[in-house]
Amino acid sequence: MALLQNIQSQYGVTTTYWKLTSVVFNLDGSLTMQVNGYFDEAARTQNYGVMKQISYTVNSTDMATVFPSGFNLVAAYAYVKTQTEFSFGSVDLF
């Protein structure tokens, strides 16, 4: 899974391919997800460097609302799509 969304990197280049690369379950019951942005899918599959990284934390009090059936990748990507950078025009890739 991945998302397609145009977001400008700090280098002035638009990143289009976004992959959830890590999920950390914190001791306080929260969860932190990291989404990495690449120029395109080919750049990611050819192991080119990450152009931009974005992290999101779901507080322990929100875990049951965000992940009512427990954590899974589909729900994680759905959560990312609710965030400001991805809320308009992002497309799921399966």
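Predicted, not measured: the structure shown is a model, and the values here were computed from it.
Of the inter-residue distances, the one linking Met51 atom CE with Asp40 atom CG reads 9.5 Å to the nearest 0.5 angstrom.
In terms of modelled atom types and a separation under 3.5 Å, the side chain of Trp18 and the main chain of Gln5 share a donor-acceptor contact. No donor-acceptor pair under 3.5 Å is formed between the side chain of Ser30 and the backbone N or O of Asn26.
The salt bridge (charged side-chain N to carboxylate O under 4.0 Å, His left out) check on Asp92 picks up Lys81, with sequence neighbours excluded. Residues meeting the side-chain contact (heavy atoms from CB on, under 4.5 Å) test with Ser87, sequence neighbours left out: none.
Phe25 pairs in a side chain to side chain contact (heavy atoms under 4.5 Å, CB included) with only one of the listed residues (Leu27, Asp28, Val23), which is Val23.
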Audit row: Gln8, Thr15, side-chain contact (heavy atoms from CB on, under 4.5 Å) steps and yes/no: CA-CA 6 Å; Gln8 189 171 11; Thr15 57; over 6 Å; no

Derivation and outcome, side chain to side chain donor-acceptor pair (under 3.5 Å), residues Thr21 and Asn36: CA-CA 6 Å; Thr21 56; Asn36 287 350; 3.3 Å; yes

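In the hydrophobic clustering of this structure, Val91 does not group with Val80; members are Ile, Leu, Val, Met, Phe, Trp, Tyr whose side-chain heavy atoms approach within less than 4.5 Å, directly or through other members. Two different hydrophobic clusters hold Tyr17 and Leu20 under the rule that ILVMFWY side chains link at heavy-atom gaps under 4.5 Å. Cluster membership for Leu4 and Met33, using ILVMFWY side-chain heavy atoms within less than 4.5 angstrom, is not shared. Hydrophobic clustering of Ile, Leu, Val, Met, Phe, Trp and Tyr side chains at less than 4.5 Å, counting indirect connections, keeps Val13 apart from Val50. Clustering ILVMFWY residues whenever any of their side-chain heavy atoms sit less than 4.5 angstrom apart, transitively, puts Tyr77 in the very cluster that holds Phe94.
Two residues are said to be in side-chain contact when any heavy atoms from C-beta on lie closer than 4.5 Å; Lys52 and Ile7 meet this criterion. In this structure, the side chains of Thr16 and Tyr38 stay at 4.5 Å or more apart for every pair of heavy atoms. Within the 4.5 Å cutoff, the side chain of Val35 has no heavy atoms near those of the Lys19 side chain. By the 4.5 Å heavy-atom criterion applied to side chains, Phe86 and Leu3 are counted as neighbours.
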Result block: side-chain N/O donor-acceptor pairs under 3.5 angstrom for residues 53-70, not counting sequence neighbours:
from  : atom 1 : to    : atom 2 : distance (Å)
Tyr56 : OH     : Glu85 : OE1    : 2.7
Thr57 : OG1    : Thr32 : OG1    : 3.3

